[in-house]
Amino acid sequence: MSSPDGLWCDVIAVVGPTASGKSALADELAVRLGTEVVSADAMQVYRRMDIGTAKTPPDERRVPLLCVDVADPSETYSVACYEREAHACVDRLVGEGRAAIVCGGTGLYVRAALEDMDFPSGDQTNNPVRERYARLAEELGPQRLHDLLAARDPQSAALIHPNNTRRVVRAFELLEQGLSYACQHEGLHVRTNRHPTLVVGLTMDREVLYERINARVDRMMEQGLVDEVRGLADEGLAESLTSRQAIGYREILAALAGECTMEQAVEDIKRATRRYAKRQLSWFRGDERVVWIDALSGDVGSLADHVMELARRSPGESPDGGRG
RNA sequence: GGGAGUGUGCCCGAGUGGUUAAUGGGGACGGGCUGUAAACCCGUUGGCUAUGCCUACUAAGGUUCGAAUCCUUACGCUCCCA
């Protein structure tokens, strides 16, 4: 294989919870390897959502940041769209004999970038079928909708908790396309990399992480998060299906609508971010490919040294690396 | 100084003599996840040498077969009159 710069891998993924320093490390790695960074973040795909998504400002990027600013906040983006774009970016870099640096905290997007997810083709996220079942869910209530699914597709129903209406609706949507949620669920845990990949996970002491999150939210406020949200609200963010669900945006939106004080909104953002970090940790802990390194063990430079060492070792000697 | 309240698990807050280790909410922790994923959903949350035991509703006594629930005192907090 091409293995650039004496590396055993073609892709280096940097994952971990928010505020753990992924972006800086990815940027450093990309500089050293003369390559580019592919973002794996579900919210950074949106244009003009910069401060709240902690997008590295263009003038601070030393290498191109891909898969960022590819959608309008009014659009409803999805993993399937992301997968296509991410694969194109990764393949281009690898094709040029360069290692692709994938960096992000959205677990599902990371998988989409690294693996072939094979999402069934079909309608957009926003579609009449989904809307119809969503409405039905409201009429019947979660339990009865789930009962309905159980009658038509017991295997899928068994996999989805009755309260998880979103998934139940999605199962119906697949059913309409002649597919079963249960079928695609099979082999869910088999992770097959498209290219030889090193996945590095950044962790740190939970308390320190939370302090960093709090500080980062305060910084976002100083940088003008409220103005950013206000601007987006003027162009209809509040109606958007996906982007208004972003942490930081929905809370400020609520405050702007007079539902709570701005002070309360800031607290809500911090808490939501903490929880998000926890979920991210939970997701990545379940990924056996991840080689964890302590983000507090050194500065960006030494962390990059560490990663380079892992990437140069042959897969056989590395603790976990080469699988897939 | 006098009077009236109140004190519950990490926090808030129900419970006013008996299926009570104690409803509920928050927080925290853990988990799930294949087209909204920063979303959506679930579980745990006194301790243990655990099919049972111990410690628990400010503290110490008391009443009772039995108390977080009733009584006494102490301490803390709140309010009212001075």
Side-chain angles (χ1 to χ4, degrees), chain A residues 17-19 39-46 49 52-55 71 73-85 104-127 129-131 133-134 137 142 146 156 158-174 176-177 179-192 206-207 210 213 216-217 220 239-253 264 267-287:
Chain A
T18 10
S39 166
D41 186 300
M43 291 300 154
Q44 290 190 357
V45 299
Y46 294 109
M49 290 175 67
T53 63
K55 210 180 280 172
S74 61
E75 286 177 51
T76 297
Y77 203 71
S78 76
V79 217
C81 305
Y82 171 78
E83 180 180 35
R84 277 192 293 277
E85 302 196 32
T106 306
L108 187 63
Y109 279 44
V110 170
R111 285 199 67 176
L114 268 32
E115 308 163 33
D116 280 311
M117 303 283 285
D118 289 326
F119 294 108
S121 59
D123 296 305
Q124 299 279 296
T125 299
N126 242 336
N127 64 65
V129 179
R130 192 175 290 195
E131 275 165 33
Y133 281 103
H146 189 266
S156 295
L159 291 169
I160 306 170
H161 187 100
N163 287 155
N164 203 344
T165 303
R166 196 104 113 197
R167 290 265 155 70
V168 175
V169 168
R170 174 69 185 145
F172 274 115
E173 192 186 329
L174 288 168
E176 300 277 310
Q177 295 172 36
L179 298 159
S180 168
Y181 180 91
C183 291
Q184 71 169 182
H185 194 270
E186 233 160 90
L188 192 70
H189 301 287
V190 181
R191 297 165 198 272
T192 308
R206 190 67 64 92
E207 263 179 55
Y210 284 2
I213 285 171
R216 180 195 250 188
V217 173
M220 285 175 178
E239 281 75 51
S240 148
L241 188 63
T242 309
S243 55
R244 62 127 187 264
Q245 296 177 334
I247 294 172
Y249 295 83
R250 54 176 197 225
E251 290 85 358
I252 300 288
L253 236 30
Q264 183 59 52
E267 284 315 302
D268 290 347
I269 293 171
K270 290 177 179 174
R271 186 185 58 199
T273 308
R274 262 180 265 137
R275 287 183 172 160
Y276 174 46
K278 213 156 63 69
R279 266 176 280 129
Q280 289 176 301
L281 251 8
S282 174
W283 178 288
F284 292 120
R285 272 194 292 239
D287 188 336

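Just so we're on the same page: letters track the sequence lines, and every chain starts at 1.
Looking at heavy-atom distances under 4.0 Å, A:Tyr181 makes contact with sugar-phosphate atoms alone, never a base. Within 4.0 Å (heavy atoms only), A:Arg285 reaches sugar-phosphate atoms of the nucleic acid but no base atom. Across all strands shown, A:Tyr46 has no heavy atoms under 4.0 Å from either base or sugar-phosphate atoms. Among the atoms of the strands shown, only primed sugar atoms or phosphate atoms (P, OP1, OP2) are found under 4.0 Å from some heavy atom of A:Tyr109. Using a 4.0 Å heavy-atom distance criterion, A:Arg170 is classed as a base contact. In this structure, A:Arg274 reaches the sugar-phosphate backbone alone: every heavy-atom distance under 4.0 Å involves primed, P, OP1 or OP2 atoms, never a base. A:Thr53 comes within 4.0 angstrom of a base, heavy atoms only. Looking at heavy-atom distances under 4.0 Å, A:Gly286 makes no contact with the nucleic acid at all. Using a 4.0 Å heavy-atom distance criterion, A:Thr106 is classed as a sugar-phosphate-only contact.
Set against B:A38, B:G32, B:G35, the side chain of A:Leu174 has B:G35 as its closest nucleotide. For A:Lys278, taking side-chain heavy atoms from C-beta onward, the closest of the listed nucleotides B:A38, B:U36, B:C29 is B:C29. Here the nucleotide nearest the side chain of A:Arg275, chosen from B:G27, B:G35, B:A38, is B:G27. The side chain of A:Gln44 has B:A38 as its nearest neighbour among B:C29, B:A38, B:G32. With B:G30, B:G27, B:G35 as the candidates, the nucleotide lying closest to the side chain of A:Arg206 is B:G30. For A:Thr242, counting side-chain heavy atoms from C-beta on, the closest listed nucleotide (B:A38, B:G26, B:U36) is B:U36.
Separation of the C1' atoms belonging to B:A67 and B:A56 is 13 Å when rounded to the nearest angstrom. Taking atom P on both nucleotides, B:G5 is separated from B:C10 by 30 Å, rounded to a whole Å. The separation of B:G13 from B:U8, taken at their C1' atoms, amounts to 9 Å, rounded to a whole angstrom. Comparing the C1' positions of B:C65 and B:C70 gives a spacing of 16 Å, expressed to the nearest Å. When the P atom is used for both B:U58 and B:U69, the distance is 8 Å, rounded to whole Å. Distance check on atom P: B:C42 versus B:G24 gives 15 Å, rounded to whole Å. Straight-line distance between the C1' atoms of B:G26 and B:G32: roughly 23 Å, to the nearest whole Å. Rounded to the nearest Å, the gap between the P atom of B:G15 and that of B:G30 is 34 Å.
Listed for the A:Tyr181 side chain is no donor-acceptor partner under 3.5 Å among the backbone atoms of A:Arg170. Side chain of A:Arg244 to main chain of A:Arg250: no donor-acceptor pair is present (N/O by atom type, distance under 3.5 Å, no hydrogens or angles). Formation of a donor-acceptor pair under 3.5 Å by the A:Lys55 side chain with backbone atoms of A:Tyr46 is found in this model. No donor-acceptor distance shorter than 3.5 angstrom exists from the side chain of A:Glu176 to the backbone of A:Val129, with no hydrogens or angles considered. Proximity of a side-chain donor or acceptor of A:Thr273 to a complementary backbone N or O of A:Ile213 within less than 3.5 Å is not detected. In this structure, A:Ser156 contributes its side chain and A:Ala182 its backbone to a donor-acceptor pair below 3.5 Å. The backbone N or O of A:Gly248 lies less than 3.5 Å from a partner atom in the side chain of A:Glu251, making a donor-acceptor pair.
The partner of B:A56 is absent, by the rule that a Watson-Crick or G-U pair needs both atom distances under 3.5 Å. Nucleotide B:G17 is matched to nothing when pairs are restricted to Watson-Crick or G-U wobble geometry with both distances under 3.5 angstrom. Pairing for B:G35 is absent, judged as Watson-Crick or G-U wobble with the two contacts each under 3.5 Å. Applying the Watson-Crick and G-U wobble criteria (two distances, each under 3.5 Å), B:G66 pairs with nothing in any strand. Shown here, B:G7 forms a base pair with B:C75; the pair counts as Watson-Crick or G-U wobble because both key distances fall under 3.5 Å. Across all strands shown, B:U45 forms a Watson-Crick or G-U wobble pair, both distances under 3.5 Å, with B:G27.
Closest heavy-atom contact between A:Thr106 and A:Ala42: OG1-N, 3.0 Å. The two residues A:Thr53 and A:Gln44 have their closest heavy-atom pair at O-NE2, 2.9 Å.
Distance CZ (A:Phe172) to P (B:C40): 21 Å, rounded to an integer number of Å. Atom pair A:Leu159:CG and B:C33:P shows a separation of 9 Å (rounding to whole Å applied). Remark: C1' of B:C33 and CG of A:Asn163 are 15 Å apart, rounded to the nearest angstrom. Here the P atom of nucleotide B:G35 and the CZ atom of A:Arg84 are 14 Å apart, to the nearest Å. Atom pair A:Ile160:CD1 and B:G32:C1' shows a separation of 12 Å (rounding to whole Å applied). Look at CE on A:Met43: it is 12 Å from C1' on B:C40, rounded to the nearest Å. Across the protein-nucleic acid pair, A:Glu207 atom CD and B:C10 atom P stand 17 Å apart, rounded to whole Å. Here B:C40 presents its P atom at 15 Å from CG of A:Leu108, a figure rounded to the nearest Å.
Note on A:Tyr82: every side-chain N or O is 4.0 Å or more away from OP1 and OP2 of B:U36. Contact annotation: A:Asn164 does not reach the phosphate of B:C33 (side-chain N/O to OP1 or OP2, under 4.0 Å). For the OP1/OP2 pair of B:C33 and a distance below 4.0 Å, the side-chain nitrogens and oxygens of A:Arg279 include no atom meeting the criterion.
Comparing A:Arg250 and A:Leu281 against RNA chain B, the residue whose closest nucleotide sits nearer the 5' end is A:Leu281.
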